[in-house]
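Below, all heavy atoms of this structure are taken into account, side chains as well, without hydrogens, waters or symmetry copies.
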Amino acid sequence: MNNDFQAVITATIARAPEWIRQELLSKEKATRPRAGEALAAMIAEALQQNDRDTSER
């Protein structure tokens, strides 16, 4: 993984909403997948935006 991707992913996780953090820590197995999917979508969008920004340079 290149450093640019790592930085984007780290920044996205850092700004994840509190509900995602709480649901990822939940002991209820049914709760965690929703949070994981939401976080994955946030990361995917951030990576796509980074790719668009990089291609515009």
Side-chain angles (χ1 to χ4, degrees):
M1 179 183 305
N2 76 31
N3 289 336
D4 206 27
F5 284 165
Q6 187 171 358
V8 170
I9 293 168
T10 300
T12 303
I13 291 170
R15 69 174 187 272
E18 189 61 32
W19 72 266
I20 289 179
R21 296 169 189 271
Q22 292 300 317
E23 289 191 5
L24 286 171
L25 294 171
S26 175
K27 292 183 181 185
E28 293 183 34
K29 289 184 180 181
T31 304
R32 290 184 295 227
R34 182 178 79 145
E37 290 171 7
L39 184 56
M42 288 178 65
I43 292 169
E45 176 59 31
L47 290 171
Q48 289 174 351
Q49 183 63 45
N50 183 66
D51 188 43
R52 287 189 294 268
D53 292 348
T54 302
S55 67
E56 291 176 0
R57 292 182 200 170

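- Counting only residues at least two apart or in different chains, salt bridge (Lys or Arg N to Asp or Glu O under 4.0 Å) contacts with residues 13-25 comprise E23-R34.
- One finds the NZ atom of K29 at 12.0 Å from the OG1 atom of T31 (value rounded to the nearest 0.5 Å).
- Within the model, atoms OG1 of T54 and CD of Q49 stand 9.5 Å from one another, a figure rounded to the nearest 0.5 Å.
- Judged as a salt bridge (Lys or Arg N to Asp or Glu O under 4.0 Å), not a single pair has a partner in residues 4-14 (not counting sequence neighbours).
- Residues that satisfy the side-chain contact (heavy atoms from CB on, under 4.5 Å) test with A38, not counting sequence neighbours, are W19, I20.
- Once rounded to the nearest 0.5 Å, the distance linking OG1 of T10 with CG of N3 reads 10.0 Å.
- Residues passing the side-chain contact (heavy atoms from CB on, under 4.5 Å) test with L47 are F5, V8, I9, I43, sequence neighbours excluded.
- A salt bridge (Lys or Arg N to Asp or Glu O under 4.0 Å) check over residues 36-50, counting only residues at least two apart or in different chains, returns the pairs E45-R52.
- Residues satisfying the side-chain contact (heavy atoms from CB on, under 4.5 Å) test with P33, not counting sequence neighbours, are none.
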